[in-house]
Amino acid sequence: MMLLPTHHFRDIERKPEYLQPEKCVPPPHPGPVGTMWFIRDGCGIACAIVTWFLVLYAEFVVLFVMLIPSRDYVYSSINGIVFNLLAFLALASHCRAMLTDPGAVPKGNATKEFIESLQLKPGQVVYKCPKCCSIKPDRAHHCSVCKRCIRKMDHHCPWVNNCVGENNQKYFVLFTMYIALISLHALIMVGFHFLHCFEEDWTTYGLTREGTAEAQISLHEKKQPPKVSSTECSSFSPPTTVILLILLCFEGLLFLIFTSVMFGTQVHSICTDETGIERLKRKHQPRERRGSWKSVKETFGGDFSLNWFNPFSGPCDPEPLSDRDWVRQAASLSETDNTETTEEQSEERKDEDSVEVTDE
């Protein structure tokens with residue numbers, strides 16, 4: 001019997017005994033309402049801590065190296081408010097993306113009772129994940145880090161220590177957007193700071209002691225005060241300031257490029273209604289795609305408003321899974337290459353009941 005291309009990725013079975021429900025423990029009792037979602041992954045936790053550290057480092061350099069020592073209070077106030085607001089929104093989006101259930105499928109629900117309750121008819125199939133013993137709805141994929149099947153899983157991101165899925169994609173998009181904005185803002189402020197301070201303050205520091213003494217005598221004789229005080233550009237010494245600003249430039253440039261690419265990729269996935277996993281596996285399963293605008297509205301929570309940019313406002317609540325969401329038609333999964341014949345398709349349909357093909 002020849003297996004169809006899509007069967008290499010799927011475990012297609014029509015009868016409960018083929019799903020081996022006896023190997024699946026009963027689903028755990030649901031936790032109390034409001035239980036926090038958190039993935040206990042050492043690498044992910046370390047990456048999340050590093051993310052917060054880098055944002056707080058940028059906050060320290062921007063405030064204590066560039067803004068607070070400046071005598072231009074209007075410039076300092078405006079840039080301080082903007083930068084701190086963007087940093088707060090970025091960290092809030094990070095927390096929401098990390099602590100929100102991305103759309104986990106109930107674990108261990110591939111029991112004989114549940115399968116029989118679906119009352120499968122000829123031509124209908126269900127998918128079982130052999131790793132977490134769950135009946136998988138359409139577009140759900142198993143994450144080896146979260147150890148759960150996730151609805152509309154795009155990818156697992158260690159920087160937020162969570163999967164990016166149906167329920168938290170909005171927060172991940174906002175996180176990448178706000179990180180890109182504060183990185184760009186920091187780079188612009190560093191550029192202005194170098195232009196302002198290099199010639200007016202730090203060149204004097206770079207003179208030799210003799211040259212500095214001569215400069216002071218010359219200024220004293222001419223009775224002209226220096227243009228810029230040593231504390232106007234930074235409360236640190238010029239070498240320390242330069243090192244801090246160079247590190248901030250490197251961090252800002254790196255994260256500006258990285259998060260901008262991620263932001264563009266996520267927006268493209270939302271508009272095309274295609275997750276990253278679906279794009280990588282190049283699945284060509286026929287399914288009804290939602291329009292771009294409808295997909296965007298569902299992800300960001302309704303019609304366009306300021307709530308789209310608010311990490312404390314969630315996406316549209318997904319409809320609860322019904323029995324028909326667990327069951328799919330075998331015909332929709334039996335696309336064949338042009339080289340396969342009708343006889344082979346007929347033989348495949350005859351033998352489907354006794355075929356086991358390992359899922360991904």
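Positions are given from 1 along the sequence. As a basis for the values below, the full set of heavy atoms in this structure was taken, side chains included, without hydrogen atoms, waters or symmetry mates.
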List the steps, then state whether side chain to side chain contact (heavy atoms under 4.5 Å, CB included) holds for Trp159 with Val50.
CA-CA 8 Å; Trp159 296 105; Val50 169; 4.2 Å; yes
How close do Gln169 and Asp154 get, counting heavy atoms only, and between which atoms?
NE2-OD1, 4.4 Å
Within a strict 4.5 Å, meaning less than it, do heavy atoms of the [X] and [Y] side chains meet?
X	Y	value
Ile150	Pro102	yes
Pro137	Val105	yes
Pro106	Asn109	yes
His141	Glu278	yes
Arg148	Lys107	yes
Leu174	Leu89	no

Mutual orientation of the aromatic rings belonging to [X] and [Y] [parallel < 30°, tilted 30-60°, perpendicular > 60°]:
X	Y	result
His185	Phe83	tilted
Phe255	Phe258	perpendicular
Trp293	Trp308	tilted

Could you go through the side chain to side chain contact (heavy atoms under 4.5 Å, CB included) check for Val62 and Leu248 one step at a time?
CA-CA 9 Å; Val62 168; Leu248 180 61; 4.2 Å; yes
Return yes if a side-chain donor-acceptor contact under 3.5 Å exists between Asn168 and Trp37, otherwise no.
no
Is it the case that Ser295 and Ser292 place a side-chain donor and acceptor less than 3.5 Å from each other?
no
From CA spacing to verdict: ring pair (Phe, Tyr, Trp, His ring centres under 6.0 Å), Phe172, His155:
CA-CA 11 Å; Phe172 183 76; His155 69 287; 5.3 Å; yes
NZ/NE/NH1/NH2 to OD/OE distance under 4.0 Å, Arg139 and Asp273
yes
Working to the nearest 0.5 angstrom, can you tell me the gap between His156 NE2 and Asn161 CG?
6.0 Å
Taken to the nearest 0.5 Å, the spacing of Thr111 OG1 from Glu116 CD works out to 9.0 Å
Out of the candidates Leu254, Leu181, Thr176, Leu184, only one should pair with Thr259 under the side chain to side chain contact (heavy atoms under 4.5 Å, CB included) rule; please name it.
Thr176
